[in-house]
Number of protein chains: 2
Amino acid sequence: MKSGPDIALVASLVGDPARANMLTALMNGRALTASELAQEAGITPQTASSHLAKLEAGGLVEPEKQGRHRYYRLTDDDVASVLEGLAGLAARTGHMRVRTGPKDPALRRARICYDHLAGDLGVQMLDSLRERHLVRQKKQDIELTAEGERFLAKHLQISPGMLTHPRRPVCKACLDWSERRHHLAGTLGAAMMQRFAELKWAARDATPGSRVVNFTRTGEKQFAALFGDGKH
Amino acid sequence: MKSGPDIALVASLVGDPARANMLTALMNGRALTASELAQEAGITPQTASSHLAKLEAGGLVEPEKQGRHRYYRLTDDDVASVLEGLAGLAARTGHMRVRTGPKDPALRRARICYDHLAGDLGVQMLDSLRERHLVRQKKQDIELTAEGERFLAKHLQISPGMLTHPRRPVCKACLDWSERRHHLAGTLGAAMMQRFAELKWAARDATPGSRVVNFTRTGEKQFAALFGDGKH
DNA sequence: ACAATGCTTCGGCTACCATCGAAGCATGAA
DNA sequence: TTCATGCTTCGATGGTAGCCGAAGCATTGT
């Protein structure tokens with residue numbers, strides 16, 4: 001009676017069609033809510049809940065609570081790699097998977113989330129801050145580094161004193177609705193968005209109720225200069 | 001109704017405990033017979049047959065017929081890599097697999113298979129020949145290259161004329177019983193073994209019925225000089 | 001030719017697990 | 001507070017797939 005290898009357990013988690021659909025839906029690195037994953041897999045929420053509990057127990061996905069929602073993402077790149085490998089094996093025996101991309105126009109580009117910047121540019125901004133060690137992120141907690149403070153003072157005239165608030169944290173990771181990755185919230189996120197408006201880099205769309213944020217031509221340039229990812 | 005990704009299909013193949021046991025048993029690159037795999041998985045041969053058919057249809061294993069037996073091996077390194085990845089994911093959630101190594105003493109090292117060399121050294125020899133492009137191997141068919149002929153003439157005084165036979169091929173891949181990888185059979189394999197004996201590099205064990213081949217001290221050195229894998 | 005071995009196919013049984021309806025919590029909004 | 005939304009737990013059902021016994025080919029050896 002040799003000790004069973006749990007390779008079978010992990011594989012069987014991926015082996016169910018519903019769970020496999022969920023996992024492939026998460027492959028782009030973004031997080032999805034439980035009910036969205038249910039719809040993605042074509043099953044009811046209660047069934048999805050059961051599946052997600054198993055995936056979590058198996059260490060394939062990690063939940064993140066945000067209000068009433070429960071966002072799920074792949075735990076790390078290792079999981080994604082294995083899924084990629086499985087997809088590769090599956091591909092050469094015949095089948096290929098076609099994924100649908102995002103369809104929305106400008107709302108995904110930049111919009112207001114409460115009082116801070118969200119959308120593609122918002123995510124890009126936090127990515128840039130993190131990559132250049134201007135902030136440190138551990139899960140949902142973000143803290144400003146010393147270099148970060150200098151950077152804000154120099155380029156955006158934001159001083160630490162402006163950011164203190166009795167109940168609200170300076171930095172907070174907020175899950176982006178369209179990108180499904182984190183952008184920057186908290187008093188700093190709000191202050192930066194306000195500064196962008198004051199500098200005439202961007203403004204909320206005029207149409208009432210719209211959350212779209214329109215960047216000016218020069219604003220876009222300045223933003224890219226500060227937070228560009230080098231690909232542009 | 002989106003086209004189903006067959007990632008689930010492949011994963012479900014690995015997801016069954018019996019099949020997972022078979023696959024992990026094949027992870028060392030050696031080939032095993034259907035009944036051996038059945039025993040490895042703790043199931044009856046007819047059940048194993050069903051599993052192996054599925055694994056073959058899924059492109060995870062490849063069969064090779066040899067006499068009454070049917071040897072199975074992993075199709076390629078990609079499959080092994082994915083299995084490795086799955087094992088890695090499984091490992092960090094708790095479980096680890098311990099594999100038993102080979103137990104036999106000298107029979108695995110070197111022995112006679114009909115009239116040619118088998119065992120660790122036999123496999124090592126064919127590996128060396130293939131790696132140095134002295135032979136070309138495609139599945140079970142092996143052919144001697146021009147460099148190979150020169151090599152044989154120079155180091156072992158074997159000329160192509162000695163190898164012709166009305167019914168028997170010059171080269172043939174023979175599945176090694178202990179190593180479960182190919183070694184060299186055919187008239188060339190026999191001629192080389194015969195030459196090793198003539199050169200007093202090796203001799204069949206004296207005990208009657210034994211298939212063990214004993215290498216002399218100098219013989220081992222000479223053999224390693226010609227076919228060593230560089231690791232010694 | 002006959003027997004033995006290795007593997008496969010067939011048929012029926014059983015057990016597991018995905019699935020959904022209904023009800024129960026939790027969070028946020030009015 | 002009360003209502004609505006999102007998610008989970010519970011219980012029951014049904015389909016599927018693993019499993020083995022028996023029989024059928026294929027190959028090898030005598």
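Contact annotation: A:T47 side-chain N/O to C:dA18 OP1/OP2 distance is not under 4.0 Å. One finds a side-chain N or O of B:H51 lying less than 4.0 angstrom from the OP1 or OP2 phosphate oxygen of D:dC19.
A:F196 and A:F223 have perpendicular rings, their planes meeting at more than 60° on a 0 to 90° scale where under 30° would count as parallel.
Listed by chain and residue number, nothing satisfies the salt bridge (Lys or Arg N to Asp or Glu O under 4.0 Å) test with A:R68 (two or more places apart in sequence, or in another chain). For B:A18, the side chain to side chain contact (heavy atoms under 4.5 Å, CB included) test picks out B:D16, B:A41, B:I43, B:H51, with sequence neighbours left out. For B:S128, the side chain to side chain contact (heavy atoms under 4.5 Å, CB included) partners at least two apart in sequence or on another chain are B:R132, B:F227. Judged as a side chain to side chain contact (heavy atoms under 4.5 Å, CB included), and not counting sequence neighbours, the contacts of A:V82 are A:L86, B:L86, B:L89. With sequence neighbours excluded, no residue forms a side chain to side chain contact (heavy atoms under 4.5 Å, CB included) with A:A57. Listed by chain and number, the residues in a side chain to side chain donor-acceptor pair (under 3.5 Å) with A:R136 are A:E143 (sequence neighbours excluded).
The side chain of B:R19 has D:dG18 as its nearest neighbour among C:dC20, D:dC20, D:dG18.
Put simply, CG on A:N21 is 15 Å from C1' on C:dT19, counting in whole angstrom units.
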Between N or O atoms, less than 3.5 Å apart, protein on one side and nucleotides 5-7 of chain C on the other: list the pairs.
unit_1: C:dC7; atom_1: OP1; unit_2: B:A34; atom_2: N; d: 3.3
unit_1: C:dC7; atom_1: OP1; unit_2: B:R70; atom_2: N; d: 3.3
unit_1: C:dC7; atom_1: OP2; unit_2: B:S35; atom_2: N; d: 3.1
unit_1: C:dC7; atom_1: OP2; unit_2: B:S35; atom_2: OG; d: 2.2

Task: Nucleotide-resolved protein contact map, nucleotides 10-15 of chain D, B/S/- at heavy-atom distance under 4.0 Å - done: ------
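For residues 42-57 of chain A, the set of pairs meeting the salt bridge (charged side-chain N to carboxylate O under 4.0 Å, His left out) definition, not counting sequence neighbours, comprises A:E56-A:R70.
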